[in-house]
Chemist: 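First the structure, then my questions, so here it is.
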Protein chains: 2
Amino acid sequence: MAEVRRTIDLLWFPDGEPEGKRRGRRPGLTVARVVETGIALADAEGLEAVSMRRVAQELGVVPMTLYTYVPDKSALLDLMLDRLYLEMPRAGHPDRPWRERLAAVAGENRRLYTAHPWAATLPASRPPLGPGLMAKYEHELRAFDDCGLDDVTRDAALTFLIGFVQAAARSEADVRAAEARAGSTDFEWWQERGPVFELVFDQHRYPTATRVGAAAGSAMGAAYEPGHAYEFGLARVLDGLAALIGTAGSR
Amino acid sequence: MAEVRRTIDLLWFPDGEPEGKRRGRRPGLTVARVVETGIALADAEGLEAVSMRRVAQELGVVPMTLYTYVPDKSALLDLMLDRLYLEMPRAGHPDRPWRERLAAVAGENRRLYTAHPWAATLPASRPPLGPGLMAKYEHELRAFDDCGLDDVTRDAALTFLIGFVQAAARSEADVRAAEARAGSTDFEWWQERGPVFELVFDQHRYPTATRVGAAAGSAMGAAYEPGHAYEFGLARVLDGLAALIGTAGSR
DNA sequence: GGCGTATTGTGTACGACGTACAAGTAACAG
DNA sequence: CTGTTACTTGTACGTCGTACACAATACGCC
């Protein structure tokens with residue numbers, strides 16, 4: 001609880017008290033510097049590389065020093081994510097059809113996850129209300145202007161859209177992680193499994209799965225194209241929202 | 001890599017070599033027992049409770065014993081998840097409209113996550129091909145019978161549907177985790193924040209966000225209803241798929 | 001200027017985790 | 001009975017997050 005309060009304060013007042021009002025030792029670092037280092041590490045080596053020890057090492061201090069800047073590791077992760085949200089490019093919503101506006105919002109989020117894949121794999125991904133998240137939320141809600149949705153529905157629709165993009169990014173991260181762990185698991189790999197192959201690819205037991213999986217199921221050796229799942233899903237999302245917004249609400 | 005092979009073998013041949021073919025010391029446990037214990041622990045206390053030490057303790061052995069049954073912890077988690085998939089109730093697909101069939105599939109998955117919330121929060125959620133996953137995949141693909149979709153699209157549509165349910169479950173788990181960490185962060189809580197409150201709820205800076213958030217945004221103090229987001233989203237998903245399947249493909 | 005207080009920084013250590021490796025124990029085959 | 005196989009345990013390592021006590025620095029006040 002106290003850590004959450006501290007995190008909120010750090011999000012909105014990262015520099016703490018004004019310079020002239022302070023006593024005591026001058027800090028050698030800033031919260032922003034700690035956060036940027038965390039982000040740089042995550043971008044370069046993935047989220048697992050972001051340990052307090054490692055971040056401290058990059059900054060040339062001992063790990064416990066970081067605790068004078070952030071209350072705990074989860075706060076650091078929250079701050080890192082909010083920073084991404086604050087800095088992600090956001091186009092305005094010119095006078096375009098709603099469908100284009102929503103696709104643009106989805107694209108902005110997708111580019112964030114493409115640039116920072118770790119952001120899709122944070123352990124608990126419900127971020128606190130920081131300046132980044134607020135700006136993002138405001139911007140994205142605006143894409144629904146003039147769609148004829150009431151506030152509750154607008155929020156739910158945005159949640160649905162963003163939830164999809166996040167889930168797609170996380171799924172892609174999972175595929176990459178599984179491949180890193182297992183290497184290629186193509187059809188030849190499965191054939192080398194011997195007896196287990198006969199069980200998995202049993203056309204009598206799994207007729208549809210073996211047929212469809214061979215054509216499309218990446219887990220079964222077919223080529224995996226992350227972009228396809230995203231594009232297909234986004235079209236579904238937009239079609240699903242279209243049924244809600246209808247033609248009367250569109251402009 | 002070797003661990004992945006071993007995991008696959010364990011999934012399909014959990015008892016290993018037949019009894020009569022074996023030499024050496026008799027095992028005191030079974031893989032199934034280890035997996036069941038992991039599941040029981042996760043169900044009772046959440047995924048963080050599932051450490052090798054804790055599972056071993058529950059089984060009355062030392063942690064290293066478990067490594068004679070599973071190659072590593074991630075394999076244990078994979079086995080646990082596949083077991084859930086194998087055991088989840090699956091209704092047949094009687095002669096019902098496709099929309100009902102898909103909603104039923106979504107419901108089966110949702111009930112799995114409701115019964116086992118930890119399943120939505122596994123660190124890397126791309127499970128290997130086990131008997132549970134294959135049975136699940138076969139069953140769920142069948143819900144798309146006679147929808148007029150080619151194999152690649154059928155797979156993508158199922159991925160989209162299941163991806164949504166998973167994402168919703170994960171989101172709900174995140175909300176619960178955040179609340180457990182922070183306690184209630186309702187509007188009164190925010191008002192107690194003092195100066196930061198003015199920044200967050202700045203109607204000049206975030207006009208749409210403050211208005212919509214107050215009505216619907218759970219992160220801003222409004223009541224959160226997990227079921228609503230799921231129902232809303234599922235309707236969007238089904239509407240989005242309807243645009244694909246159309247009336248010609250439905251039966 | 002000195003003392004009290006506030007704030008940052010470090011040294012040391014703890015508990016927890018996953019798991020390597022060596023040695024011990026039990027069971028089968030010849 | 002011996003060699004081999006397979007399970008079990010003891011011990012330990014490296015890594016992690018972070019508690020706590022002490023040290024170092026800087027300001028305010030008398």
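The sequence lines fix the lettering, A, B, ..., with proteins before strands; numbering per chain opens at 1. As the structure is a computational prediction, the values presented were derived from the model and not from experiment.
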Chemist: Could you tell me the boundaries of the chain B footprint on DNA chain D, defined by atoms under 4.0 Å from its heavy atoms?
Modeler: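 Listed 5' to 3', the contact boundaries are dG3(D) to dA12(D).
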Chemist: Calculate, to the nearest 0.5 Å, the distance between atoms CD and CD belonging to Gln203(A) and Glu198(A) respectively.
Modeler: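 Rounded to the nearest 0.5 Å, the CD-CD separation comes to 10.5 Å.
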Chemist: Summarise protein proximity over nucleotides 3-10 of chain C in one line of letters, 5' to 3': B for base, S for sugar-phosphate only, - for none, counting protein heavy atoms closer than 4.0 Å.
Modeler: -BBBBBSB
Chemist: Ignoring hydrogens and angles, state whether a donor on the side chain of Tyr85(B) or Asn109(B) is under 3.5 Å from an acceptor on the partner side chain.
Modeler: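 Checked: Tyr85(B)/Asn109(B) side chains show no N/O donor-acceptor pair below 3.5 Å.
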Chemist: Distance from Met80(B) atom CE to Asp43(B) atom CG, nearest 0.5 Å?
Modeler: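 If I round to the nearest 0.5 Å, the distance is 8.0 Å.
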Chemist: Would you give the length of the straight line joining atom CG of Leu133(B) to atom CG of Leu81(B), rounded to the nearest 0.5 angstrom?
Modeler: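 So the gap between those two atoms works out to 8.0 Å.
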Chemist: Once the angle between the rings of Phe164(A) and Tyr230(A) is folded into 0 to 90°, is it parallel (under 30°), tilted (30 to 60°) or perpendicular (over 60°)?
Modeler: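 Because their plane-to-plane angle is under 30°, the rings of Phe164(A) and Tyr230(A) count as parallel.
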Chemist: What residues, two or more places apart in sequence or in another chain, satisfy ring pair (Phe, Tyr, Trp, His ring centres under 6.0 Å) together with Tyr67(A)?
Modeler: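 With sequence neighbours excluded, Tyr67(A) shows a ring pair (Phe, Tyr, Trp, His ring centres under 6.0 Å) to no residue whatsoever.
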Chemist: For the helix from dG1(C)-dC30(D) to dG30(C)-dC1(D), figure out the bend between the end axes, five pairs an end, and round to 10 degrees.
Modeler: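 Between the first-five-pair axis and the last-five-pair axis there is 20°.
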Chemist: With sequence neighbours excluded, tell me which residues meet salt bridge (Lys or Arg N to Asp or Glu O under 4.0 Å) with Glu36(B).
Modeler: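 In terms of salt bridge (Lys or Arg N to Asp or Glu O under 4.0 Å), with neighbours along the sequence ignored, Glu36(B) is linked to Arg83(B).
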Chemist: Indicate yes or no: at least one non-hydrogen side-chain atom of Val34(B) is less than 4.5 angstrom from one of Leu79(B).
Modeler: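 SC-SC contact between Val34(B) and Leu79(B) ruled out.
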Chemist: When you measure from every atom of DNA chain D, which of residues 33-48 of chain B have a heavy atom less than 4.0 Å away?
Modeler: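 Contacting residues: none.
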Chemist: At what distance, to the nearest 0.5 angstrom, does CG of Leu199(A) lie from CG of Leu11(B)?
Modeler: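 If I round to the nearest 0.5 Å, the distance is 11.5 Å.
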Chemist: Just how far, in rounded Å, is P of dA20(C) from CZ of Arg53(B)?
Modeler: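 Taking atom P of dA20(C) as the reference, CZ of Arg53(B) is at 13 Å.
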Chemist: Is the closest side-chain donor-acceptor distance between Arg205(A) and Thr210(A) under 3.5 Å?
Modeler: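 No - no donor-acceptor pair under 3.5 Å links their side chains.
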Chemist: Do Trp118(B) and Leu84(B) come close enough that some side-chain heavy atom pair is under 4.5 Å?
Modeler: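 With C-beta onward as the side chain, the pair touches.
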Chemist: As a test of understanding, state which of His139(A), Lys136(A), Arg90(A) forms a side-chain hydrogen bond (donor to acceptor under 3.5 Å, both in side chains) with Glu108(A).
Modeler: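 Testing Glu108(A) for a side-chain hydrogen bond (donor to acceptor under 3.5 Å, both in side chains) against His139(A), Lys136(A), Arg90(A) leaves exactly one candidate, His139(A).
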